[in-house]
Amino acid sequence: QVQLVESGGGLVQAGGSLRLSCAASGSGFSINAMGWYRQVPGNERELIARITSIGTTDYADSMKGRFTISRDNAKNTVYLQMNSLKPEDTGVYYCNANFLYSDSYLPQTSWGQGTQVTVSS
């Protein structure tokens with residue numbers, strides 16, 4: 001089992017910044033990619049940013065230029081630096097990891113519990 005531990009969410013004013021962190025723990029696995037998704041009640045979970053183990057990234061268009069995803073592969077940790085936050089960025093942010101167990105060729109997915117990000121206007 002791979003577990004994800006998230007931190008860094010909270011309440012900020014519009015224009016402020018937050019940094020989210022997520023660390024994957026367990027044994028016998030290797031990470032393919034990690035990312036952040038946001039969910040608002042009534043909406044589908046939405047990709048915010050994702051980064052592969054070799055550093056390629058993917059961002060939602062609305063976050064480009066404001067958010068930056070990075071990772072520390074040695075620690076199986078992913079970060080999301082969020083700048084110039086807007087009220088519409090509000091939501092529950094979920095960490096995701098796509099990984100392989102050492103004895104398998106079938107990719108697996110794990111999700112964090114989610115961390116609330118609230119941006120006030």
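A quick note: this is a predicted structure, and the numbers were derived from the prediction, not measured. All heavy atoms count here, side chains included; hydrogens, waters and symmetry mates do not.
- Screening residues 90-106 for salt bridge (charged side-chain N to carboxylate O under 4.0 Å, His left out) gives no qualifying pairs among residues at least two apart or on separate chains.
- At a threshold of 4.5 Å between side-chain heavy atoms, the hydrophobic network of Ile, Leu, Val, Met, Phe, Trp and Tyr places Tyr94 and Ile31 in two separate groups.
- Residues Thr115 and Leu20 meet the side-chain proximity criterion, which asks for heavy atoms closer than 4.5 Å.
- Around the CD atom of Gln113, the shell of radius 6.0 Å holds no more than 12 heavy atoms that belong to other residues, nucleotides or ligands.
- Contacts of Ser84 classified as side-chain hydrogen bond (donor to acceptor under 3.5 Å, both in side chains), with partners at least two apart in sequence or in another chain: none.
- Every pair passing disulfide (SG to SG under 2.5 Å) that includes a residue from residues 64-121 is listed here, sequence neighbours excluded: Cys22-Cys95.
- Residues Met34 and Ala24 come closest through the heavy atom pair CE-CB, 4.3 Å.
- Taking both residues in full, the closest heavy atoms of Arg66 and Asp89 are given as NH1-OD2, 2.8 Å, listed atom of the first, atom of the second, then distance.
- Counting all heavy atoms, side chain and backbone alike, Val2 lies closest to Ser110 at O-OG, 2.7 Å.
- Think of Leu11 as one node in a network of Ile, Leu, Val, Met, Phe, Trp and Tyr side chains linked at under 4.5 Å; it has no links at all.
- Each of Val119, Leu18, Ile69 was evaluated against Met82; a single residue qualifies, Leu18, per the side chain to side chain contact (heavy atoms under 4.5 Å, CB included) test.
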task = Under the side-chain contact (heavy atoms from CB on, under 4.5 Å) rule, what do Gln13 and Leu85 come out as? Steps first, then yes or no, please.
result = CA-CA 8 Å; Gln13 293 180 308; Leu85 283 162; over 6 Å; no

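- With sequence neighbours excluded, the residues satisfying ring-ring contact (aromatic ring centres under 6.0 Å, His included) with Phe99 are Phe29, Tyr101.
- Atom CZ of Arg71 sits about 9.0 Å away from atom CD1 of Ile54, to the nearest 0.5 Å.
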N/O donor to acceptor pairs below 3.5 angstrom from side-chain atoms of residues 73-81, sequence neighbours left out:
residue	atom	partner	partner atom	Å
Asn73	ND2	Ser53	O	2.7
Thr77	OG1	Lys75	O	3.0
Gln81	NE2	Asn83	OD1	3.0

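- In this structure, the side-chain hydrogen bond (donor to acceptor under 3.5 Å, both in side chains) partners of Thr52, at least two apart in sequence or on a different chain, are Thr56.
- Counting only heavy atoms from C-beta outward, the side chains of Leu100 and Asn32 approach each other to under 4.5 Å.
- Under the side-chain hydrogen bond (donor to acceptor under 3.5 Å, both in side chains) criterion, Gln108 pairs with no residue, sequence neighbours left out.
- With sequence neighbours left out, the salt bridge (charged side-chain N to carboxylate O under 4.0 Å, His left out) criterion links Asp61 to Lys64.
- By the side chain to side chain contact (heavy atoms under 4.5 Å, CB included) test, Gln3 pairs with Gln1, Ser25, sequence neighbours left out.
- The line from NZ of Lys86 to CE of Met63 is 9.0 Å long, rounded to the nearest 0.5 Å.
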Using residues 42-49 as the side-chain source, report each donor-acceptor pair under 3.5 Å to any protein atom, sequence neighbours left out, with the distance given to one decimal.
residue	atom	partner	partner atom	Å
Arg45	NE	Gln39	OE1	3.3
Arg45	NH2	Gln39	OE1	3.2
Glu46	OE1	Arg38	NH2	2.9

request  = Show your reasoning for whether side-chain hydrogen bond (donor to acceptor under 3.5 Å, both in side chains) applies to Glu88 and Thr90.
outcome  = CA-CA 5 Å; Glu88 52 262 42; Thr90 294; over 6 Å; no

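- Listed by first and then second residue, the ring-ring contact (aromatic ring centres under 6.0 Å, His included) pairs that reach into residues 36-76 are Tyr37-Trp111, sequence neighbours excluded.
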